[in-house]
Amino acid sequence: MNELLTHFSGLRGTSVDGEIKIEFRSSFSARLSTLPFFYSDSFFSHSACAYDHALAKLSLGITMSAVSHKSFGARYITNSLSRAGFDPRSITTFRFEDSLSTEDSCAYAIGAKKLPDGSWLVPVVIRSHQYGGEWVSNAHVIDPAQPEYAAGFRAAAETVFSALMNYIDAHGLNSHRLKLWVTGFSRGGAVANLLGAMLNRRGFDAHKVFVYTFASPCTVRDSAWEYFGNIFNIVSEMDAVPRVPIAKWGFCRFGTDLYLPCAARRGDDDYARLLAAMIPEFREIMGQIYCAGAEYEVYEDQELVLDLLIDYIDDLLLTPEKYLSGGYQEILMEYMKCRISGDEMKLERFFRFLLSDNRELARRLCSLMEDWESLKPLERGKHISALTAAIAKKQAIKNTPATEILGMGMNILIHYAAKRTATRVTGKDKDYYYDQLTKMIVDTYRRGKKSPLLMQHWPETYLAWLCSGDSSQLFRTNTYAHNSIK
């Protein structure tokens, strides 16, 4: 590409080495927020197969910027990339204005600038929050045509790959002089994970493709998995999202999983030390985004309580084939199509959906959740028994996905009530994990995205962990042993 074309297309960009302000719209504040991050072109001077903690923090910040809010669309990510030295003329955004489509797609931004070594840096940033109708695609897991991949994520990654190839061709960029920077959070992380694998498999040099994902769901079954040293997935076992699609089906992620601290992995003392370093970072971040006073919360042994919940899901959805042919994928996607207004699932609406819009039973179930703390254990047991009988009587069709999902939830509550009753009669210790699981379910219903369960999926929480220590302190690459406690 000649210098004149480079100048007028905006591809030259500017070299940056220092603090930049990244702007985004937090879920917890109506105001535009900015956070400081360190950017340097030197981040891309080493092999992409070497983990870079500073680049990981920057990548999380950039993907936090890739949100849609009302009519602003791609404004935040464009402004943030511009501050990192990318000329706005080089930045192309896709689908940020679309919050209604429920097809397997995603919004993303692509830009380019010339690095001091003469290579071209092309960032690919996947929208990771406030994505509306894309939420439906999260439940599209199984496609018989491509059974080895999480179908909705895979299809979205294919569209990004095609757009990236078109961008490279349209701007006359030499593929041998390219360095690619791919990042995303949550759904965006899953798309970024698959996109990184596609780039590696389709001829790009892995040492020049920098891929950082955060809180990514699983993307590929182990039969199609292969190791890629340039893909780094930062996940928390206290976060439910990276646990789906479930491991029992053989799902995992390309690349290296870097697990944030939890007590089950690190031990109580080491975890307490690491948590004590993380909490001040969390407070500072929340204060900077106009949420002063917000405190980090997590349930005791949350990762083990999630293990118990996954045990129930494993038993309900024994195989991917049951999820597809049994109607579970269809019913979840249909529910999500009914409400494409955001990321949070409102449990009362979900109960009504499962109960064929039976408002009375949905309201009774929600009332039990709302009154849970004020009820004595035996009173809870009576309510659970009465609700179970009423649901069984009212449901006209047995053994549908809806009744089985409801049945799973009621079985958890019944098990809790039985253990509590046995404790009262025999004087033995209560079943601790069932107590914690019911508490987690009830609290999540009552507090929504501010509950300790969903707080583990906040990008602000991931950022606080990353800011609290270096990679040698924070991460482990092997998961802890999962022993069923059902």
Side-chain angles (χ1 to χ4, degrees), residues 16-22 24 35-66 77 80-81 83-84 109 121-126 128-129 179-193 195-197 199-200 206-217 219 228-239 241-242 253-262 274 277-278 281-282 284-285 456-477:
V16 174
D17 187 3
E19 184 179 286
I20 64 171
K21 296 289 187 180
I22 288 180
F24 68 101
L35 287 173
F37 290 85
F38 186 81
Y39 175 93
S40 175
D41 289 336
S42 66
F43 288 160
F44 306 97
S45 62
H46 59 69
S47 169
C49 296
Y51 174 81
D52 187 323
H53 198 56
L55 178 55
K57 287 189 282 188
L58 173 67
S59 298
L60 178 54
I62 284 291
T63 196
M64 287 170 68
S65 190
I77 183 60
S80 296
L81 286 174
R83 290 167 184 163
L121 176 62
V122 176
V124 184
V125 186
I126 314 298
S128 303
H129 187 47
K179 294 182 178 180
L180 302 174
W181 175 26
V182 181
T183 187
F185 179 92
S186 191
R187 171 181 171 78
V191 175
N193 181 268
L195 177 60
L199 291 166
N200 289 339
H207 292 279
K208 297 179 180 179
V209 180
F210 299 77
V211 184
Y212 287 82
T213 82
F214 307 88
S216 169
T219 57
F228 293 120
N230 62 323
I231 300 176
F232 299 98
N233 312 301
I234 296 174
V235 294
S236 169
E237 286 146 318
M238 297 186 291
D239 180 0
V241 172
R253 285 169 286 269
F254 287 109
T256 300
D257 286 351
L258 300 174
Y259 293 100
L260 291 170
C262 67
L274 294 164
M278 176 271 202
E281 299 290 345
F282 180 84
E284 181 174 351
I285 290 167
Q456 310 317 307
H457 193 60
W458 294 2
E460 294 88 348
T461 298
Y462 276 78
L463 180 59
W465 276 117
L466 292 186
C467 292
S468 68
D470 61 31
S471 58
S472 63
Q473 294 174 305
L474 290 176
F475 300 133
R476 295 293 182 268
T477 56

Given 3.5 Å as the limit, does a donor-acceptor pair link the side chain of [X] with the main chain of [Y], or not?
X      : Y      : value
Ser59  : Leu55  : yes
Asn230 : Ala48  : no
Lys208 : Leu180 : no
Glu281 : Met278 : no
Ser216 : Ala190 : yes
Ser40  : Asp17  : no
Ser236 : Met238 : yes
Thr183 : Tyr212 : yes

Run Leu274 and Trp465 through side-chain contact (heavy atoms from CB on, under 4.5 Å) and show every step you take.
CA-CA 9 Å; Leu274 294 164; Trp465 276 117; 4.2 Å; yes
Check [X] against [Y] and note the closest heavy-atom contact, atom names and distance.
X      : Y      : value
Val211 : Ala192 : CG1-O, 3.8 Å
Ile62  : Ile77  : O-CD1, 3.6 Å
Val125 : Ala66  : CG1-CB, 3.7 Å
Arg253 : Asn233 : CB-ND2, 3.7 Å
Ser65  : Phe24  : CA-CB, 3.9 Å
Thr63  : Ser128 : OG1-OG, 2.9 Å

Beyond-backbone contact of Val124 with Leu195, side-chain heavy atoms, under 4.5 angstrom:
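Touching, per the 4.5 Å side-chain cut-off.
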Please state whether the rings of Tyr462 and His457 are parallel, tilted or perpendicular, taking 30° and 60° as the class boundaries.
perpendicular
Look up atom [atom1] in [X] and atom [atom2] in [Y], then write down how far apart they are to the nearest 0.5 Å.
X      : Y      : atom1 : atom2 : answer
Met64  : Leu35  : CE    : CG    : 5.5 Å
Phe475 : Phe232 : CZ    : CZ    : 10.5 Å
Phe37  : Lys57  : CZ    : NZ    : 9.0 Å
Asp52  : Ser471 : CG    : OG    : 9.0 Å
Leu60  : Ile234 : CG    : CD1   : 7.5 Å
Glu19  : Tyr39  : CD    : OH    : 15.5 Å

Give the intermediate values and the outcome of side-chain contact (heavy atoms from CB on, under 4.5 Å) for residues Phe282 and Trp458.
CA-CA 11 Å; Phe282 180 84; Trp458 294 2; 3.7 Å; yes
Verify the neighbour count for atom NE2 of His46: are there more than 12 heavy atoms of other residues, nucleotides or ligands below 6.0 Å?
yes
Name of the residue among Pro242, Pro261, Cys262 meeting side chain to side chain contact (heavy atoms under 4.5 Å, CB included) with Glu237
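Among Pro242, Pro261, Cys262, the one that satisfies the side chain to side chain contact (heavy atoms under 4.5 Å, CB included) with Glu237 is Cys262.
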side-chain contact (heavy atoms from CB on, under 4.5 Å) assessment of Asp41 paired with Ser45:
CA-CA 7 Å; Asp41 289 336; Ser45 62; over 6 Å; no
Would you say the side-chain atoms of Thr213 and Asn193 include a donor-acceptor pair closer than 3.5 Å?
no
Would you kindly say whether His53 and Asp470 are connected by a side-chain donor-acceptor distance under 3.5 Å?
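Side chains of His53 and Asp470: no pair found under 3.5 Å.
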Please test Leu58 against Ile22 for side-chain contact (heavy atoms from CB on, under 4.5 Å), starting from the C-alpha separation and ending with a verdict.
CA-CA 9 Å; Leu58 173 67; Ile22 288 180; 4.1 Å; yes
Distance flag, aromatic centroids of Phe210 and Phe43, threshold under 6.0 Å
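Between Phe210 and Phe43, which both carry aromatic rings, the centre distance is not below 6.0 Å.
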Below 6.0 angstrom between ring centroids: does that apply to Phe254 and Phe228?
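Yes, the ring centres sit under 6.0 Å apart.
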